[in-house]
Amino acid sequence: MVLYEKYTGRNRDSYKDLQDLWDNYKITYPKTFNFAYDVIDELAKVKPDATAMVWLSNEKEEKIFTFRDMKKWSDKAANYLKSQGIVKGDRVLLVLKRNYYFWFLMLALHKIGAIAVQATNMLVGKDYTYRCNKGEIKAVFITGDGDCTEHFDDVSAECETVKLKFVGKHKKPAGGGWIDFESGIEAASEEWERPQGKDAVNADDIMLMSFSSGTTGYPKMILHSHTYPLGHIVTGVFWHRVIPGGLHFTISDTGWLKSLWGKFYGQWFGESAVLVYDFDKFDGADILGVLSKYKVTTFCVPPTMYRFMLQYDVSQYDLSSLTHCCAAGEALNPDIFNKWKEYTGLSIHEGFGQTETTCCLGTLGRYAEPVSGFIGKSMPGYEVHILDTEGRDSLPGEAGEICIKATLKDKPCGVMCGYYHDDEATAYSFRGGYFHTGDTAYMDEHGFIKYIGRNDDVIKSSGYRIGPFEVESVLMEHPAVLEVAVTGVPDAKRGFKVKATIVLTGGYSPSDELVKELQEYVKTHTAPYKYPRVIEFVESLPKTISGKIRRTEIRENDSKKYSL
């Protein structure tokens, strides 16, 4: 029996068809469920020598960790965290790129019952200030690569709740107060007992706090409980279709929740190993070489990255070990779908979800083959509806909002517990018996769903989700900017490029020099990947009667100017 069957009661291939899967897929779990103890430590008992992770550095240094190793190092990390005063309920920020210590620390935080908060290494000072203060962060673990610690030190005095700051042992930051966490974990005891009594961790306790993309304001803080990993049985076992003893490769940095979709929970429920490649820059030929050399069995990347790989002669690489391929994060172009299938014989299976959910839409291979241009159908465990503005099911072909049958008290495993310190936003998302995603789509007469766009204007570029508000906020700090609207424009390589439509203040005139100045300003005042690659100067921005900027009109005009 594969471990996930303990929680679903059946093997994934035992359902006779998709309807049987929808009707009879159910997850059961004890109130004490904890992924670190009940999955990783259990696998360390029953298959201690099986590979859990193959890790590659940017220079291709290789480390292999078994399930026994994952238990050992997470126990050592838990002892170290406890020795530093980190207890159940504390919020801990992890900015670790793809360093293998991220996995040790995540599991250790789960064991203690502390709350993990992921963030990208591309953050700069003001990003840290907002996240630490809003999230009431007690401790930060920050990579020694690059200038991340310097960015944090620039604002550390403003991070009111942060009491501890940790860095890897190879980095000696200029600022004081940094603690070498790697040496501390290495020296810690391997003996760890599961907490009991008041320190016990229950399934309904909060496990993760993730920041949204911040499309209509600064990023919201999304809460997930210890039931969240159970929602990823669908992601890893049914959508990715990982193979026991296989090797799964999802390309995602640990700064994003997507890393938990493809490098953590679902894959280990399915008893597959995960491949982690800590590269600095994506290169299509390099990734093809890694797929070939390490005999990757299941694979998931955004469509943009498939596009980059298809710029090379894929037939020159041995991809015969691949059994299943997936894509998410942006629309999958039919040309990419067809070319990949021509080279590998494999379809690309799309999936859809949010930071607030696990994978709730997609195609499952055995039960629902991909239809070009469509995301797929409801995933098992989810009841997805396309609702009109009156809260009724849209007719086939009519656009509506993607909504999941759920309430705060009765929801599928994987759907969020709410927004931290924002009851109003939580109630708005959970209304009328549904969780409202804010994404627009339509359903055809066969039940396949075609994605249209995000209600709140999120920009998906090269696999990143970029919230316009944060970019607009930075641009508004520049003296030349009177008003600005940030949108996405179509781009053949990235999916979308960030575009800023700007009204200048008096005394400034449009010029190439000003474009470069504004782009550099954004790069140095927020994460560089957010900078606007297109800037247009206008006399005024289109607005509603109430004075709100009509981004829809901007996008409509740009669709003609920047059509692919």
Side-chain angles (χ1 to χ4, degrees), residues 18-19 21-27 204 206 208 210 212-213 215-217 219-225 227-228 230-235 238-239 257 261 328 350-364 368 374-458 465:
L18 187 58
Q19 192 63 51
L21 182 58
W22 283 338
D23 291 343
N24 296 300
Y25 177 85
K26 291 179 176 61
I27 294 175
D204 292 335
I206 299 302
L208 297 170
S210 302
S212 70
S213 300
T215 54
T216 57
K220 295 186 182 76
M221 296 172 288
I222 297 160
L223 301 175
H224 282 290
S225 73
T227 63
Y228 175 75
L230 291 159
H232 278 305
I233 293 174
V234 162
T235 309
F238 286 85
W239 179 47
L257 204 71
W261 283 47
E350 287 194 80
F352 168 85
Q354 301 178 307
T355 307
E356 290 91 338
T357 73
T358 52
C359 189
C360 57
L361 290 171
T363 50
L364 301 175
F374 288 81
I375 305 169
K377 298 184 177 183
S378 296
M379 287 292 194
Y382 283 94
E383 184 183 331
V384 177
H385 292 249
I386 307 300
L387 300 183
D388 63 19
T389 55
E390 302 299 320
R392 298 172 300 207
D393 283 297
S394 297
L395 295 173
E398 289 187 355
E401 184 182 10
I402 301 172
C403 296
I404 299 165
K405 191 72 174 175
T407 67
L408 262 179
K409 292 184 178 179
D410 184 14
K411 59 187 188 301
C413 288
V415 173
M416 72 169 185
C417 300
Y419 296 109
Y420 187 55
H421 287 336
D422 198 337
D423 292 341
E424 183 179 349
T426 300
Y428 184 73
S429 292
F430 287 95
R431 64 187 190 276
Y434 290 90
F435 173 74
H436 291 252
T437 68
D439 285 278
T440 304
Y442 73 79
M443 185 183 294
D444 72 4
E445 63 275 17
H446 303 294
F448 283 91
I449 293 172
K450 187 176 184 64
Y451 184 77
I452 296 173
R454 177 67 183 163
N455 290 355
D456 56 8
D457 302 315
V458 71
R465 291 173 58 85

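From Met443, atom CE reaches atom CG of Leu395 across 11.5 Å, with rounding to the nearest 0.5 Å. Here the OG1 atom belonging to Thr355 is positioned 7.0 Å from the NE2 atom belonging to His224, to the nearest 0.5 angstrom. Between the CD1 atom in Ile449 and the CG atom in Leu361 there is a gap of 4.5 Å [rounded to 0.5 Å]. Once rounded to the nearest 0.5 Å, the distance linking CE of Met221 with CG of Asp422 reads 8.0 Å. To the nearest 0.5 Å, atom OG of residue Ser394 and atom CD of residue Glu401 are 10.0 Å apart.
Glu424 and Tyr419 share no donor-acceptor pair across their side chains, judged by distance under 3.5 Å alone.
Within the 4.5 Å cutoff, side-chain heavy atoms of Ile402 are placed close to those of Phe352. For the pair Asp393/Leu387, a side-chain contact is recorded, criterion being any heavy-atom separation below 4.5 Å from C-beta on. Using a 4.5 Å cut-off on side-chain heavy atoms (C-beta onward), Leu257 and Ile222 make no contact. Taking 4.5 Å as the limit, some side-chain heavy atom of Phe430 sits within range of a side-chain heavy atom of Lys411. The side-chain heavy atoms of Tyr442 and Glu398, taken from C-beta on, include no pair separated by under 4.5 Å.
Under a 3.5 Å cut-off, the side chain of Lys409 and the backbone N or O of Ala406 do not form any donor-acceptor pair.
Phe435 approaches Thr357 most closely through the heavy-atom pair CE2-CG2, 3.9 Å. The two residues Lys220 and Ala425 make their nearest non-hydrogen contact at CE-CB, 3.9 Å. When all heavy atoms are compared, the tightest approach of Val234 to Cys359 is CG1-O, 3.8 Å. Of all non-hydrogen atoms in Ala399 and Ile386, the two that sit nearest each other are C-CG2, 4.5 Å. Considering all non-hydrogen atoms of both residues, His436 and Arg431 come closest at NE2-O, 3.2 Å. In plain terms, the two heavy atoms of Ile404 and Thr437 that are nearest each other are CD1-CG2, 4.4 Å.
Ring pair His232/Tyr228 is perpendicular by interplanar angle, where above 60° counts as perpendicular and below 30° as parallel.
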Quiz item: Which is it for Phe238 and Leu21 under the side chain to side chain contact (heavy atoms under 4.5 Å, CB included) test, yes or no, and what are the steps along the way?
Solution: CA-CA 11 Å; Phe238 286 85; Leu21 182 58; 3.7 Å; yes
Show me the donor-acceptor pairs, under 3.5 Å and distance only, between side chains in residues 376-383 and residues at least two apart or in other chains.
from	atom 1	to	atom 2	distance (Å)
Lys377	NZ	His446	O	3.1
Ser378	OG	Val384	N	3.2
Tyr382	OH	Thr358	N	3.3
Tyr382	OH	Thr358	OG1	2.5
Glu383	OE2	His385	NE2	2.7

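Thr227 meets the side-chain hydrogen bond (donor to acceptor under 3.5 Å, both in side chains) test with Ser225; sequence neighbours excluded.
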